[in-house]
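Given the structure is predicted, the values throughout are model-derived calculations rather than measurements. Quick note: numbers below take in every heavy atom, side chains included, and nothing from hydrogens, waters or symmetry partners. The sequence lines fix the lettering, A, B, ..., with proteins before strands; numbering per chain opens at 1.
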Protein chains: 2
Amino acid sequence: MNINRAWEILKKEGFKKTDKREQILDIFSQTTKYITPRDILDVMMAEHPGMSYDTIYRNLNTFVELGILEETELTGEKHFRMHCETDHHHHHFICTSCGNIKEINICPMELLHNSIPGYQIENHKFEIYGNCPQCH
Amino acid sequence: MNINRAWEILKKEGFKKTDKREQILDIFSQTTKYITPRDILDVMMAEHPGMSYDTIYRNLNTFVELGILEETELTGEKHFRMHCETDHHHHHFICTSCGNIKEINICPMELLHNSIPGYQIENHKFEIYGNCPQCH
DNA sequence: TTGTAAATCGTAATGATTATTAATTAGAAT
DNA sequence: ATTCTAATTAATAATCATTACGATTTACAA
């Protein structure tokens with residue numbers, strides 16, 4: 001997902017173009033890592049000392065709802081990253097050292113679907129953690 | 001995991017037998033669901049009105065470290081259940097209505113191991129959410 | 001340019017979890 | 001059985017992430 005696409009979505013849904021949103025999207029466009037609301041606050045505080053947590057959380061939640069960002073929980077904290085542009089379903093390897101992710105194009109659900117009849121599957125989580133080639 | 005086995009482990013590791021631990025283990029032995037620290041507090045408050053949150057969290061963490069309980073994060077909250085007795089590696093279907101779990105004996109990691117060379121896999125999470133046959 | 005709903009700020013509230021200290025208790029030693 | 005000691009607990013309070021709120025500001029459409 002690039003910034004232009006994100007603004008297309010926001011505009012279509014009637015959200016306004018604010019400098020805070022611009023900066024948040026800018027931060028996400030410059031990294032492939034999962035980052036925390038606090039990470040974002042730290043960066044934004046440099047330019048806007050009176051930055052509010054509320055603004056960050058509110059926008060992150062909006063972005064997730066609109067499919068602009070992806071969200072996951074790592075060690076009890078919310079982490080966010082740009083939603084992958086690839087349209088095919090996939091999962092992530094997440095490096096616990098540097099936070100970088102790698103797409104995994106294997107989804108175990110295909111195997112699974114027929115093995116638990118009577119169970120209504122709504123969603124699933126498949127994440128692999130460890131160290132990427134750069135981190136060991 | 002049954003209560004006797006849990007006490008074996010606790011004794012072996014030098015932990016004392018207290019009525020609070022007994023009651024916590026008792027609660028877990030009576031359900032197959034993932035439950036929260038608050039769930040436990042509510043039950044225990046009935047018998048011990050001066051029950052402390054600290055006692056629950058401390059013991060839950062101890063139990064997880066000793067392999068007596070399993071832990072997962074559901075919607076931003078910690079949930080616990082008895083550690084499965086089956087010695088083979090497996091995953092869980094978790095019913096988002098009643099909290100019951102079903103063991104899934106398919107692990108996608110076998111497929112995956114060779115597909116991301118250079119990546120050092122430390123652990124993984126594979127959970128399926130939805131409604132069990134009783135809940136739809 | 002103006003009106004208005006949306007967005008933000010500043011701060012406070014909430015909720016989950018962890019920490020602290022004094023009092024209590026389990027289990028070993030006497 | 002009694003005493004001793006370290007483990008455990010109770011009763012807070014502190015911390016951390018997240019959400020909520022009222023007042024002010026701002027984007028943008030008319």
Side-chain angles (χ1 to χ4, degrees), chain A residues 3 6-27 34-66 68-69 71-81 99, chain B residues 3 6-27 34-66 68-69 71-81 99:
Chain A
I3 293 183
W7 281 120
E8 272 176 41
I9 295 170
L10 284 165
K11 185 149 203 177
K12 181 159 108 22
E13 300 291 332
F15 289 90
K16 293 179 177 175
K17 185 165 190 164
T18 69
D19 56 346
K20 302 299 151 56
R21 283 185 181 139
E22 277 193 277
Q23 199 176 357
I24 292 174
L25 290 174
D26 201 48
I27 291 168
Y34 272 105
I35 58 180
T36 64
R38 169 157 292 278
D39 293 332
I40 297 167
L41 185 74
D42 290 343
V43 174
M44 296 184 74
M45 272 298 201
E47 279 189 39
H48 309 273
M51 192 61 216
S52 171
Y53 247 126
D54 183 60
T55 301
I56 291 174
Y57 276 100
R58 187 167 21 76
N59 282 310
L60 291 180
N61 287 335
T62 300
F63 293 167
V64 169
E65 279 169 22
L66 298 180
I68 293 168
L69 295 181
E71 178 183 351
T72 192
E73 295 244 346
L74 298 173
T75 63
E77 230 180 324
K78 289 187 181 178
H79 286 65
F80 300 85
R81 71 183 306 279
Chain B
I3 293 183
W7 282 120
E8 271 176 40
I9 295 170
L10 284 164
K11 185 149 202 177
K12 179 159 111 17
E13 300 291 331
F15 289 90
K16 292 179 176 174
K17 186 163 188 165
T18 69
D19 55 346
K20 301 301 151 51
R21 286 189 177 133
E22 276 192 278
Q23 199 175 355
I24 292 174
L25 289 174
D26 201 48
I27 291 168
Y34 271 105
I35 59 179
T36 65
R38 168 157 293 278
D39 293 332
I40 297 166
L41 185 73
D42 290 343
V43 174
M44 295 184 75
M45 272 300 200
E47 280 190 38
H48 308 274
M51 192 60 218
S52 169
Y53 248 127
D54 182 63
T55 300
I56 291 173
Y57 276 102
R58 186 167 22 78
N59 282 310
L60 291 181
N61 288 334
T62 299
F63 292 167
V64 170
E65 279 168 25
L66 298 181
I68 293 169
L69 295 181
E71 177 182 352
T72 193
E73 295 246 346
L74 297 173
T75 64
E77 229 179 325
K78 290 186 181 179
H79 287 64
F80 300 85
R81 71 185 304 280

CZ of A:Arg21 to CZ of A:Phe63, rounded to nearest 0.5 Å, is 6.0 Å
Strictly below 4.0 Å: does A:Asn59 bring a side-chain N or O up to OP1 or OP2 of C:dT8?
yes
Base versus backbone protein contacts along nucleotides 20-30 of chain C [heavy-atom cut-off under 4.0 Å; B, S, -]:
B-----BS---
Do you see a donor-acceptor pair shorter than 3.5 Å between the side chains of A:Thr55 and A:Arg58?
yes
Taking the side chain as every heavy atom from C-beta outward, state whether B:Ile40 and B:Met44 have any pair of such atoms under 4.5 Å apart.
yes
Given atom CD of A:Glu77 and atom P of C:dA16, what is their separation to the nearest angstrom?
17 Å
Within the side chain of A:His79, is there an N or O that forms a donor-acceptor pair under 3.5 Å with the backbone of A:Glu77?
yes
Compare all side-chain heavy atoms of B:Ile27 with those of B:Asp39 and state whether any distance is below 4.5 angstrom.
no
Distance-only donor-acceptor check, side chains A:Asn59 and A:Thr62, under 3.5 Å:
no
Output for pair (A:Lys12 NZ, A:Leu66 CG), nearest 0.5 Å, gives 8.5 Å
Taken to the nearest 0.5 Å, the spacing of A:Glu71 CD from A:Glu65 CD works out to 10.0 Å
Figure out the CD/C1' separation between B:Glu22 and D:dT9, and round it to whole Å.
15 Å
A:Met51 CE - C:dT11 C1' separation (whole Å):
15 Å
Round to a whole Å and report the spacing from CG of A:Leu25 to C1' of C:dA7.
15 Å
Would you classify B:Arg58 as touching base, sugar-phosphate or nothing, given that sugar-phosphate means primed atoms plus P, OP1 and OP2, and contacts are heavy atoms under 4.0 Å?
base
For atom CG of A:Leu66 and atom C1' of C:dA6, their distance in whole Å:
15 Å
Within residues 39-49 of chain B: residues closer than 4.0 Å to DNA chain D (heavy atoms):
none
Ranking B:Tyr53 and B:Arg21 by the position along DNA chain D of their nearest nucleotide, the one closer to 5' is B:Arg21
Taking CD1 from B:Ile56 and P from C:dA19, how many angstroms apart are they, rounded to a whole number?
17 Å
Below the 4.0 Å mark, does D:dT19 have OP1 or OP2 next to a side-chain nitrogen or oxygen of A:Asn61?
yes
Considering only heavy atoms from C-beta outward, does the side chain of A:Thr36 approach that of A:Phe80 to under 4.5 Å?
no
Assuming nearest nucleotide by heavy-atom distance, tell me which of B:Ser52 and A:Gly14 is located more 5' along DNA chain C.
A:Gly14
A:Lys78 side chain near D:dT19 phosphate (N/O to OP1/OP2, under 4.0 Å):
yes
Would you say B:Thr55 places a side-chain N or O within less than 4.0 Å of OP1 or OP2 belonging to D:dA10?
yes
In this structure, how many angstroms lie between the C1' atom of D:dT24 and the NZ atom of A:Lys20, rounded?
13 Å
Compare side-chain N and O positions of B:Tyr57 against OP1 and OP2 of C:dT18 and report whether any pair is under 4.0 Å apart.
no
Let me know the distance between CG of A:Leu10 and P of C:dA6, rounded to the nearest Å.
15 Å
Examine distances only and state if a side-chain atom of A:Asp26 and a backbone atom of A:Glu22 form a donor-acceptor pair shorter than 3.5 Å.
no
